[in-house]
Amino acid sequence: MRVLVTGGAGFVGSHIVDALAARGHDPVVLDALLPAAHSGPPPSPPGAAEWLHGDVRDRETVARALDGVGAVCHQAAMVGLGKDFADAPDYVACNDLGTAVLLAAMAEARIDRLVLAGSMVVYGEGRYDCPAHGPVRPGPRAEDDLAAGRFEPRCPRCGAALTPGLVGEEAPTDPRNVYATTKLAQEHLAASWARTTGGRAVSLRYHNVYGPRMPRDTPYAGVASLFRSALARGLAPRVFEDGGQRRDFVHVRDVAAANALALEAFDDRAPATLTPYNTGSGDPRTVGEMASALATAHGGPAPVVTGEYRLGDVRHITADPSRLRADLGWRPAVGFAEGMAEFATSELRGA
């Protein structure tokens, strides 16, 4: 199948291109090579792909990229928390306007298959259980609590300590920052496109993806990149809060495999639908554990827990990937220790 991969020169997108080519597909890459993710041309473009340098927000460029395409894997996006709220127009333009332009062009070209790079950030805080009130949804953490080192959310009804758990796809969405809001808007746009055109769409809600080709430390990079970049400079990773934040670190090759499986399963899907899938390893770890594993594998200085915090960050978010495993037969192939050992010495994009 000829597949357009938007953002296919980037971190996740380039691995998806590799996975598709290895499975006999014909990937086409459209990428704007934005400076936030690329300091220059991609280091090693996959030979199997046709490359188009252009912006997904440009209608003529997108229409040209869709020529002869049977499905789209939409990875192009501005990621991370950014610098401050002044980034909001750029996030909305890149993520939501770009998605709208792409979907409109797909409708005109009668392309009815879409895999969207979703994100677990659409949930906000993860699942919590109160010993007295069962499942509860705490609101945003107060800055006074964070400044005082009170990082754990409390029960909104009785103030009791909570136990974090796994979030299912049926959980309510509650985006807590601009990036999260744009990722949820992308899903709503894709669902509307599917209903209107009879298309089929999947949103793979990525957890904390890491691995080779990750961008170096910028305000838009993930925590794994920040730690890896610090170690490359001989510095200790700086761990915010107390390091006890729970996340699911999933290797980029496993995420690429999930995209390929989702594309190949479209014939089994009902039309006019969007199906979300939590895409994580199913092996929650704390940020402190990840920093320690990376520092040990790299042979660098031990992490420093700073107590710093960022408004808009959530404390715990780990989701249940069982639907993805049941529907698509996907299983992560790279374990935490193995993946961190590889990532500790792999090159970063732009480093």
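Since the structure is predicted, the reported quantities are computational estimates derived from the model, not experimental observations.
Under a cutoff of 6.0 Å and an axis angle of 45°, Arg285 and Phe336 form a cation-pi pair.
Between atom CZ of residue Arg2 and atom CG of residue Asp26 there is a gap of 5.0 Å, rounded to the nearest 0.5 Å. To the nearest 0.5 angstrom, Leu30 atom CG is 10.5 Å from Trp51 atom CH2. Atom CG in Leu324 sits 5.5 Å away from atom CH2 in Trp330 (nearest 0.5 Å). Taking CG from Leu103 and OG from Ser192, the interatomic distance works out to 8.5 Å, rounded to the nearest 0.5 Å. Atom CG of Leu235 is separated from atom CG of Leu226 by 12.5 Å, given to the nearest 0.5 angstrom. A distance of 13.5 Å separates OG in Ser281 from CZ in Arg247, rounded to the nearest 0.5 Å.
If you chain together hydrophobic residues whose side chains sit under 4.5 Å apart, Leu263 and Leu116 never meet in one group. Val72 and Val101 fall within the same hydrophobic cluster, defined by Ile, Leu, Val, Met, Phe, Trp and Tyr side-chain heavy atoms under 4.5 Å apart, directly or through other members. Cluster annotation: Leu328 is connected to Ile16 through the hydrophobic network of ILVMFWY side chains, with a link wherever side-chain heavy atoms come within less than 4.5 Å. With hydrophobic clusters built from ILVMFWY side chains whose heavy atoms lie under 4.5 angstrom apart, Tyr277 shares a cluster with Val255.
Nearest heavy atom pair, residue Met1 against residue Ala71, reads SD-CB, 3.5 Å. The two atoms that bring Ala100 and Leu189 nearest to each other are N-CD1, 4.3 Å, heavy atoms only. Heavy atoms only, all atoms of each residue included: Gly126 and Ile317 are closest at CA-CD1, 3.7 Å. The two residues Phe11 and Pro215 come nearest to each other via the heavy atoms CB-CD, 3.8 Å. A pairwise comparison of heavy atoms in Val239 and Ala291 identifies CG2-CB, 3.7 Å as the closest pair. The two residues Leu274 and Pro276 come nearest to each other via the heavy atoms O-CD, 3.8 Å.
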For residues 205-212, tabulate all N or O donor-acceptor pairs below 3.5 Å that involve a side-chain atom, not counting sequence neighbours.
from   : atom 1 : to     : atom 2 : distance (Å)
Arg205 : NE     : Glu187 : OE2    : 2.9
Arg205 : NH1    : Tyr123 : OH     : 2.8
Arg205 : NH2    : Glu187 : OE1    : 2.7
Tyr206 : OH     : Gln75  : OE1    : 2.8
Tyr206 : OH     : Gln75  : NE2    : 3.3
Tyr206 : OH     : Asn259 : ND2    : 3.0
His207 : NE2    : Ala319 : N      : 3.4

Per-pair distances, 0.1 Å, donor-acceptor, side chain in residues 158-173, under 3.5 Å, sequence neighbours excluded:
from   : atom 1 : to     : atom 2 : distance (Å)
Glu169 : OE2    : Asn278 : N      : 2.8

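By the 4.0 Å N-to-carboxylate-O rule, Asp112 lies too far from Arg110 to be salt-bridged with it. A salt bridge does not link Arg228 to Glu347: none of the charged side-chain nitrogens sits closer than 4.0 Å to a carboxylate oxygen.
A side-chain donor-acceptor contact under 3.5 Å links Asp254 to the backbone of Ala333. The backbone N or O of Tyr91 sits nowhere less than 3.5 Å from a side-chain atom of Thr182 that would complete a donor-acceptor pair. Remark: side-chain polar atoms of Glu264 are not paired, donor with acceptor, to backbone N or O of Leu261 under 3.5 angstrom. Counting only distance, with no hydrogens or angles, the side chain of Asp145 and the backbone of Arg150 share no donor-acceptor pair below 3.5 Å. Counting only distance, with no hydrogens or angles, the side chain of Asp55 and the backbone of Asp58 share no donor-acceptor pair below 3.5 Å. With hydrogens and angles disregarded, no donor-acceptor distance shorter than 3.5 Å links the side chain of Arg113 to the backbone of Phe266. Judged purely by atom type and a 3.5 angstrom limit, Lys183 has no side-chain atom pairing as donor or acceptor with the backbone of Pro175. Remark: side-chain polar atoms of Thr196 are not paired, donor with acceptor, to backbone N or O of Ala194 under 3.5 angstrom.
Every side-chain contact (heavy atoms from CB on, under 4.5 Å) that Leu231 has, sequence neighbours left out, goes to Pro237, Leu294, Ala295, His298, Pro301. Pro156 pairs by the side-chain contact (heavy atoms from CB on, under 4.5 Å) definition with Val136, not counting sequence neighbours. Shown here are the salt bridge (charged side-chain N to carboxylate O under 4.0 Å, His left out) partners of Arg246, two or more places apart in sequence or in another chain: there are none. Considering only residues two or more places apart in sequence or on other chains, Ala185 meets the side-chain contact (heavy atoms from CB on, under 4.5 Å) condition with Asp96.
When side chains are defined from C-beta on, Gln245 does not count as touching Val314, because their heavy atoms never get closer than 4.5 Å. Looking at heavy atoms from C-beta onward, Val223 lies in side-chain contact with Phe249 at the 4.5 angstrom threshold. For the pair Val29/Leu52, no side-chain contact is recorded, criterion being any heavy-atom separation below 4.5 Å from C-beta on. Considering only heavy atoms from C-beta on, Tyr179 stays 4.5 Å or farther from Met78 through its side chain. Looking at Leu66 and Leu4, their side chains come closer than 4.5 Å, going by heavy atoms from C-beta outward. Inter-residue side-chain proximity for Glu241 and Arg315 is flagged as met; some heavy-atom pair is nearer than 4.5 Å. With a 4.5 Å cut-off on side-chain heavy atoms, Phe240 and Val287 do not count as touching. Between His74 and Val115 the shortest side-chain heavy-atom distance does not fall below 4.5 Å.
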What do the steps show when you test Asp18 against Arg213 for salt bridge (Lys or Arg N to Asp or Glu O under 4.0 Å), and what is the final call? CA-CA 13 Å; Asp18 289 349; Arg213 307 178 203 161; 2.7 Å; yes

Verdict with supporting geometry, Arg127 and Asp129, salt bridge (Lys or Arg N to Asp or Glu O under 4.0 Å): CA-CA 7 Å; Arg127 176 193 170 100; Asp129 289 295; 3.1 Å; yes

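Summarising the local packing, CZ of Arg157 is surrounded by 12 or fewer heavy atoms from other residues, nucleotides or ligands at distances under 6.0 Å. Atom CZ of Arg23 has more than 12 neighbouring heavy atoms from other residues, nucleotides or ligands inside a 6.0 Å radius. Heavy atoms of other residues, nucleotides or ligands lying less than 6.0 angstrom from CD of Glu308 number more than 12. Within 6.0 Å of CZ on Arg233 lie more than 12 heavy atoms contributed by other residues, nucleotides or ligands.
Using a 3.5 Å distance cut-off with no hydrogens or angles, the side chains of Glu338 and His251 do not pair a donor with an acceptor. Side-chain contact of Arg238 with Thr306: a donor-acceptor pair under 3.5 Å is absent, judged by distance alone.
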